[in-house]
Amino acid sequence: NHLHFSYPEKQVLKDINLTIHKGERLAIVGKNGAGKSTLAKALCGFIRPEGELLWKGQSIQDDSIKERAGRIGYVLQNPNQMISQNMIFDEVALGLRLRGVDEEVVEQRVLNILEVCGLYPFRKWPISALSYGQKKRVTIASILVLNPEIILLDEPTAGQDQRHYREMMNFLDQLNAKGHTIILVTHDMNVAKNATRIIEISDGNIIADKPNVPEHDD
């Protein structure tokens, strides 16, 4: 409610009011510099906006980034900016290990998530052997293993060809069907068409908020 945020040289978010509903696929669209990535960072706790952030009616303004990550998983546009381990298993296990989870539980949860993400056959592979699209799945797996209710993806299909684009969107549909709320931050209207609701941001303001009605052939 009433989110405001300014960098030293510019106000970026201007009185943003937004309700995100459990289980929806929401696209946040706008031109470069419109404020959509800043809004995503505010939701994930990377920046501290003025205003009120509520989760199921309770304030989460004072969440640590780690606490916020348990609610909202943030997948960066470029997987190479997220990956820090050499092996796929270790990358997906990292968040759990940093939280002190027992190693037996880590192994079970990581293998389950690798299965969900179609990466189980590669569980013993080095990340350097993967394609760009497969690396993207590794970063999503490393978020999913923490079991956030919301998965927020910044330009989820950037740098992928048409086949990998379709695979990624089908995969996100599957996650959504399992109950995850999906937020897509994008300037690509083809990606936005996969959402059930579209928010458009311009110059730090929400200028449109509408359900996405799929196009049908006559």
Distance, nearest 0.5 Å, that separates [atom1] of [X] from [atom2] of [Y]:
X: I20; Y: L43; atom1: CD1; atom2: CG; value: 5.0 Å
X: N205; Y: D203; atom1: CG; atom2: CG; value: 6.0 Å
X: Y120; Y: L114; atom1: OH; atom2: CG; value: 9.0 Å
X: I83; Y: L76; atom1: CD1; atom2: CG; value: 10.5 Å
X: I88; Y: K135; atom1: CD1; atom2: NZ; value: 10.5 Å
X: K10; Y: T38; atom1: NZ; atom2: OG1; value: 8.5 Å

Review point. If you measure from the Lys or Arg side-chain nitrogens to the Asp or Glu carboxylate oxygens, is any gap between R97 and E103 under 4.0 Å?
Key: yes
Review point. Do NZ/NE/NH1/NH2 and the carboxylate oxygens of K36 and D154 come within less than 4.0 Å?
Key: no
Following the transitive rule for hydrophobic clusters with a side-chain heavy-atom cut-off under 4.5 Å over Ile, Leu, Val, Met, Phe, Trp and Tyr, establish whether [X] and [Y] coincide in one cluster.
X: I60; Y: I151; value: yes
X: L94; Y: V138; value: no
X: V75; Y: L39; value: yes
X: L98; Y: M82; value: no
X: F5; Y: I72; value: yes

What is the minimum heavy-atom distance between [X] and [Y], and which atoms define it?
X: A93; Y: V106; answer: CB-CG1, 3.6 Å
X: I113; Y: V92; answer: CG2-CG1, 4.5 Å
X: G179; Y: K22; answer: O-NZ, 4.4 Å
X: G35; Y: L13; answer: O-CD2, 3.6 Å
X: L172; Y: P156; answer: CD1-CB, 4.4 Å
X: N212; Y: N194; answer: ND2-N, 4.4 Å

Hey, is the main chain of [Y] close enough, under 3.5 Å, to the side chain of [X] for a donor-acceptor pair?
X: H180; Y: P148; answer: yes
X: K136; Y: Q77; answer: yes
X: R25; Y: I183; answer: no
X: R71; Y: R68; answer: no
X: Q58; Y: W55; answer: no
X: N147; Y: V145; answer: no
X: Q85; Y: P126; answer: no
X: R48; Y: Q61; answer: yes
X: R137; Y: C117; answer: yes
X: K14; Y: G204; answer: no

**Study point:** Contacts of type salt bridge (Lys or Arg N to Asp or Glu O under 4.0 Å), residue K66, not counting sequence neighbours
**Key:** none
Exercise for review: Please report the C-alpha distance between E107 and E104 in whole Å, then the side-chain angles of each, then the deciding distance to 0.1 Å, and finally whether the side chain to side chain contact (heavy atoms under 4.5 Å, CB included) criterion is met.
Suggested key: CA-CA 5 Å; E107 181 168 3; E104 277 188 31; 6.0 Å; no
Review point. Yes or no on side chain to side chain contact (heavy atoms under 4.5 Å, CB included) for I182 and L26, after CA distance, side-chain angles and deciding distance?
Key: CA-CA 6 Å; I182 306 292; L26 174 69; over 6 Å; no
More than 12 heavy atoms from other groups under 6.0 Å of [atom1] on [X]:
X: H4; atom1: NE2; result: yes
X: D102; atom1: CG; result: yes
X: N170; atom1: CG; result: yes

Review point. Among side-chain atoms of T186 and E155, is any donor-acceptor pair under 3.5 angstrom?
Key: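 A pair is found: one side chain offers a donor N or O, the other an acceptor, under 3.5 Å apart.
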Is any side-chain heavy atom of [Y] closer than 4.5 Å to one of [X]?
X: E200; Y: I206; result: no
X: H2; Y: I16; result: no
X: L96; Y: R109; result: yes
X: L184; Y: I28; result: no
X: L18; Y: I199; result: yes
X: Y132; Y: N78; result: yes
X: N86; Y: S128; result: no
X: F46; Y: Y74; result: yes

Review point. Taking it one step at a time, do E149 and T181 satisfy side chain to side chain contact (heavy atoms under 4.5 Å, CB included)?
Key: CA-CA 6 Å; E149 289 191 39; T181 302; 5.6 Å; no
Exercise for review: Verify side chain to side chain contact (heavy atoms under 4.5 Å, CB included) between N17 and D15, making sure each step is shown before the conclusion.
Suggested key: CA-CA 6 Å; N17 293 284; D15 198 32; 3.8 Å; yes
